[in-house]
Amino acid sequence: MSFPGTPSSDSAEVTQDKFQSVQLTTFYRKDGNFQFQDILIEYKLKITKNEFETVEAYIGNPNEISYNSQTNQISGHFNQKEDLFQTNSVVFTYSDFTKKLKIILTLKKDGKIISFRELITTPPNPPVIPPNTITLPIISYETKRSLIGGTEYQVIRVKFQAGSDLTAFKRLDAYIGRPSIISLAPDNYNVINYISATFYDTSSQNFLFLTPELNSAYKIIVVGSTADAKGNRSIDTVPPPPPASPCAGSVNAPVTIGNCTNHCLVVDLVGNQMGYIAKTTIGTTTEEYLYLDSSSSTTSGGNGPANLSWMEQFSPIGMGEYQTDQRTFDVTAYSDACVVLSSYLVQDDPTGFRDNYITGKVIVP
């Protein structure tokens, strides 16, 4: 709706109304417990303004804001805005949606007011919130750790029960927050004190949240509405378990890995020096080929602190114990918390080919 204003006839500067039309519209907006009115002023000028002219709007209480024709100034306002981006509009936001306000829209030339319109706002009507009578489908969640762009996130996906009919819902949103802080507003529809919100992705059929807080628990509130009803559900999450330590299952030295009557690794620790050898015992004289090695690596598969040691025997191979050369390393010069030791054994005789592989993790103090 348009509000024709009356330009002052007392001012030598303000000679005529240069506005062709002015439209004022107010909108209701709610964010959690806070309710606002957004005030949109749209205008058209009779003649396109030149580079020395600007359009500015002033807002204030109706009984306080005014234009002084003697000083060519606006007083009593609590905010002013210029149409900086040449949109032919100015927008104000006010925290009390029930209050009437006065707008003075001005056209200035070289900083002086040459035309103005006065407007009184009409407070917007808040939308009718449907009754809290609908039951949302049951929700569940999945959470995991995932590396995204070099940063590890807790990935939380909230889903409705399989087979749920969501076609009637016009709004489906989810909010995440601290369990003791996030809550529903008194209307059981809006959510307050949340960290972030997301919409229901119909393609993946879930609500998705990403957070770098890998060990945090959250409360998630899902709200939905149809044309004539609304409802909500909430769920408390538990963070995903941390990944298993790469040294899980490690043993302390001295230790024997395997069975030395067949194939083993013997690990010793003397001072700061950790040493190990691979052993096997041959109980026949029919072996035609024997191979035995020992090696070390990190838990990620990188090179270990000592080089490969290996031995090879060809027929005739007598009965007895065979072993690799001992390998040692300084534990103070090795940065990982554990070392992976392994050994490979190959035997060949008239009955056929046999091999065996053993490995174990040893704590490096």
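The shown structure was predicted, so the numbers you read here are calculated from the model rather than taken from an experiment.
- The side chain to side chain contact (heavy atoms under 4.5 Å, CB included) check on Ile235 picks up Ile139, Tyr141, Ile220, with sequence neighbours excluded.
- Scanning for side chain to side chain contact (heavy atoms under 4.5 Å, CB included) contacts around Lys99 gives Gln37, Asn61, Tyr94, Asp96, Leu101, with sequence neighbours left out.
- For the residue pair Asp293/Tyr291, the side-chain donor-acceptor check at 3.5 Å is satisfied.
- Side-chain heavy atoms closer than 4.5 Å link hydrophobic residues (I, L, V, M, F, W, Y) into clusters, and following such links, possibly through other members, connects Tyr344 to Leu308.
- Tyr28 and Asp38 share no side-chain donor-acceptor pair at under 3.5 Å.
- Checking Gln154 against Tyr218 by side-chain atom types alone, no donor-acceptor pair falls below 3.5 Å.
- Scanning for ring pair (Phe, Tyr, Trp, His ring centres under 6.0 Å) contacts around Tyr276 gives an empty result, with sequence neighbours left out.
- One side chain, Thr226 or Asp228, offers a donor N or O that lies under 3.5 Å from an acceptor on the other.
- When atom types are taken as modelled, the side chain of Arg233 and the backbone of Leu136 share a donor-acceptor pair closer than 3.5 angstrom.
- Within the structure, the side chain to side chain donor-acceptor pair (under 3.5 Å) test picks out the following pairs touching residues 315-324 (sequence neighbours left out): Ser294-Thr324.
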Return a table of donor-acceptor pairs under 3.5 angstrom between the side chains of residues 254-261 and protein atoms on other chains or two or more places apart.
from   : atom 1 : to     : atom 2 : distance (Å)
Asn259 : OD1    : Thr261 : N      : 3.0
Asn259 : OD1    : Thr261 : OG1    : 2.8
Asn259 : ND2    : Thr261 : OG1    : 3.3

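- A search for ring pair (Phe, Tyr, Trp, His ring centres under 6.0 Å) contacts involving Phe27 returns nothing, not counting sequence neighbours.
- Taking NE2 from His263 and CG from Leu345, the interatomic distance works out to 5.0 Å, rounded to the nearest 0.5 Å.
- Looking only at distances, a side-chain donor or acceptor of Arg327 sits under 3.5 Å from a matching main-chain atom of Asn307.
- Between the side chain of Thr87 and the backbone N or O of Ser89, at least one donor-acceptor pair lies under 3.5 Å.
- Note: the hydrophobic cluster containing Val158 also contains Ile176 (ILVMFWY, side chain heavy atoms under 4.5 Å, direct or indirect links).
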